[in-house]
Amino acid sequence: MQNDPDAGGPPFPGETSNGAFQGSAQGSAQGSAGGSITARAMAGLRRGQADYLEGLNPEQRRAVETTEGPVLVLAGAGTGKTRVLTTRIAHLVATGRARPYDILAVTFTNKAAREMKARIGTLIGAEGEGMPWLGTFHAIGTKILRRHAELVGLKSDFTILGTDDQLRLMKQVILDQNVDEKRWPARALSHAIDGWKNRGLLPDQVPAGEAQAFAFGKGGALYTAYQARLATLNAVDFGDLLLLCLRLWRTHADILEGYQRRFRYILVDEYQDTNVAQYLWLRLLAQGHRNVACVGDDDQSIYGWRGAEVDNILRFEHDFPGAAVVRLERNYRSTGHILAAASGLIAKNESRLGKTLRTEDEPGERVTVSGAWDSEEEARQLAGEIETLHTKKHPLSEVAVLVRISAQMREIEDRFVQLGLPYRVIGGPRFYERAEIRDALAYLRITANSADDLAFERIVNTPKRGLGDATLQALHAHARAERVPLLLAARRMVETDELKPKVRSTLRAFVEAVGRWTKAVETMPHTELARTILEESGYTDMWQKDRSADAAGRLENLKEFVRSMEEFPDLAGFLEHVSLVMEATEAEGADKVSLMTLHAAKGLEFDTVFLPGWEDGLFPNQRALDESGRAGLEEERRLAHVGLTRARKRARLSFAVNRRIHGLWSSTIPSRFLDELPPGSVEVIEAPAHFSAGASRFDRNPAPFGSSYGTPGWQRAQANTGGGFGRDRAPGGRSGGPREIEGELVARSSGPASSFADGMRVFHTKFGPGTVAGIDGNKLTVDFDKAGRKMVLDSFVQPG
DNA sequence: TAAGGTAATTTTTTT
DNA sequence: AATTACCTTA
């Protein structure tokens, strides 16, 4: 790698393999009137220009051409961020400043890495191996760790654990340390450890107070024990892939220096999403040549809840003194009104570096806001509108519905199914996360590596063989005492009389089967081996016998799984890929509506975007507010900004006045974000004619929000919907018929906030009779005769 | 051991 | 409402 025979080429744009210079000259010849072709080409050459730089705006160009020293590129939504990144790499290579393998380019997702690879491929013609150091933080971390595994106490073929394996391991550790798993569930502790790892903290670096706050003061001990277990299994979790790099570099300065020297140029995508560990990782590497370019957008930081530090981007200039800061503010995606709405909203955030997106596109349609009686109606409305668009030849693949939480998807999907509207859900449980795939993987893992205890445990009784808890306990005891893997322990125990005859023979059959498969690794093609294993183990049989609805789908997934193995040369190669790239390759191209969460939508764009559920509590999400206060609100606002900026031509916001939350109907008020939108770019839509009869108050009374949007009337409506509308809507029926809403509102706003009082006897449809014990706005605390003390919404309680 | 019932628990998600 | 984890019982 250090000595590349092809590396000596001169830094001369005209001679790069893609023919950039020639292409430019020809292009000019076509459109040029005069005879100065050569002169102009030479001039361009002198300035180091090639046609990959053409079409960049001045800021983009600066971001590409400022190659030396630290650079922070603040790239707003739709400003050509990826283009800048890829062009920058092409530029570095084309001008001879670096060879592809001198450049470290990190992304967060495999998808982003893949896209960047493809785009660089078309720019400089170097495919695949051309950029060995382009990848996700974790992929590159893995690559580095495999080279120096022994220095951090691992073998170079260590396995990378997924989340479920992690949890399984944590459970064992908890058991070992005699911690009550009821009080301290494995999930919580795993999460804590993840958090520490995200902050770059090894077990001995965790602040003592913090470590003691977990598991009766044993937090630190558990972390240490967990790491020890990982080491004995020759395994790492995702956090380790970065954390152990840090440890390696801190303890072996020579190795660090090697990497610092190797990476002449460093590029980071989505910098606003980096956590502390990633930040430290980068900072160590960047100490060498200090040519680090970070591209990000503080206004699109939406992963604070999983450890991303917006601060990293906010203090870049402080960390890298003398850094050049380039702002990309010209948006090439959205029309004027959409951009104005998004900008106006995000301007309400206080902690931001500040950018003002602008466009030279036409204003276009205004962002629409519409209300619905309840979430079902909202779904009907939205689906109806999509159908209308579709009949007007709007491709469905250019329509997206972005929701705050996945629970919102259900009603929308139901409606789509009813109408026969083709749709696809993006995100959700990943292919490799599905139970059947993890099971199949576990079979392959135990076959490839007989010491993989976690895999063994997962499938020893899947399908059910009668090897339950008791058997596993015995195996564990033996394995621990002898310090051998479970499979080996099992192999020994079937030679003794420790186990009951029946269990013994089943276990023997299982152990022998695994042995057979392991032998077959050498002789049998790996896809055939996989098929054999799934067949012989009875695993496919298990699903074939399963009568549940999704069994067929699972079998289909298994087939797809085996098929996907074909792309890899052997079993080991496949397993390596799978541990890091946990995603399915989705069939693209079909004309379908996309349905996803706002988080999943980052980086995507569509002509038309629907954003349902803009209600306080849902969006901004109450929990985010409760847990992170103002910072939480700002992150929610950034999420709204991300949602709006996904739209090229049309953005449609909506809210429902009643929504089912955890199965209970609650009345809701429109999101505060709606009020923060610049009124000039917003159009409030009144009820379309196709509303189902009587379902909407907009039908009979067209103007509760109507043209008076933003006026005191709107404000008042907002202030009162919570207490006002819901009351008429006891679950199970619309008692009393339609109301004159406007009159009701006025009356309400001057009247008392609640018609309940402490000590009043009330009746709740679900919890039955009870006594009011407290009132907080529209929430009542009620001591129910049967159900005990509950917090309920007054709309479901009747005086009684 | 495994099925079946009950109680608890609900954001966002990548690697 | 729906999923899921846990606990009881056959």
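Closest to the side chain of A:T471, from the set B:dT13, B:dT1, B:dT15, is B:dT1.
Side-chain contact between A:Y279 and A:E309: absent, with no pair of heavy atoms (C-beta onward) separated by less than 4.5 Å.
Ring centers of A:F561 and A:F574: under 6.0 Å apart, within the cut-off. Proximity of the aromatic rings of A:W614 and A:F655 is defined here by a centroid distance below 6.0 angstrom, and this criterion is not met. Aromatic rings of A:H148 and A:W249 (six-membered ring for Trp) have centroids beyond the 6.0 Å cut-off, not under it.
Nearest-nucleotide assignment on DNA chain B puts the 5′-proximal partner with A:L472, out of A:L472 and A:H138.
Taking atom CG of residue A:N110 and atom C1' of nucleotide B:dT13, one finds them 14 Å apart after rounding to whole Å. In this structure, the NE2 atom of A:H577 is 11 Å from the P atom of B:dT15, given to the nearest Å. With rounding to whole Å, A:E413 atom CD is found 19 Å from C:dA1 atom P. Counting to the nearest Å, the C1' atom of B:dT1 and the CZ atom of A:R504 are 21 Å from each other. Atom pair A:Q473:CD and B:dT1:P shows a separation of 10 Å (rounding to whole Å applied). Per the geometry, CG belonging to A:L145 stands 18 Å off P belonging to B:dT15, to the nearest Å.
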Polar pairs (N or O, both sides) under 3.5 Å between protein and nucleotides 7-10 of chain C?
{"from": "C:dC7", "atom 1": "OP1", "to": "A:K182", "atom 2": "NZ", "distance (Å)": "3.3"}

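Separating the C1' atom of C:dC6 from that of B:dT11 is a span of 24 Å, rounded to the nearest Å.
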| query | How does each nucleotide of nucleotides 2-12 of chain B score, in 5' to 3' order, for protein heavy atoms under 4.0 Å: base (B), sugar-phosphate only (S), or none (-)? | reply | S-------BBB
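The aromatic rings of A:W281 and A:F137 lie perpendicular to each other, with more than 60° between the two planes, well past the 30° mark. Using the six-membered ring where Trp is involved, A:W305 and A:Y303 have ring planes that are tilted, between 30° and 60° apart.
Between A:R410 and A:E413 there is no salt bridge, since no side-chain nitrogen of the basic residue lies less than 4.0 Å from a carboxylate oxygen of the acidic one.
There is a side-chain donor-acceptor pair under 3.5 Å between A:N312 and A:T274.
Screening A:R229, A:R445, A:K171 for a salt bridge (charged side-chain N to carboxylate O under 4.0 Å, His left out) involving A:D165 leaves a single residue, A:R445.
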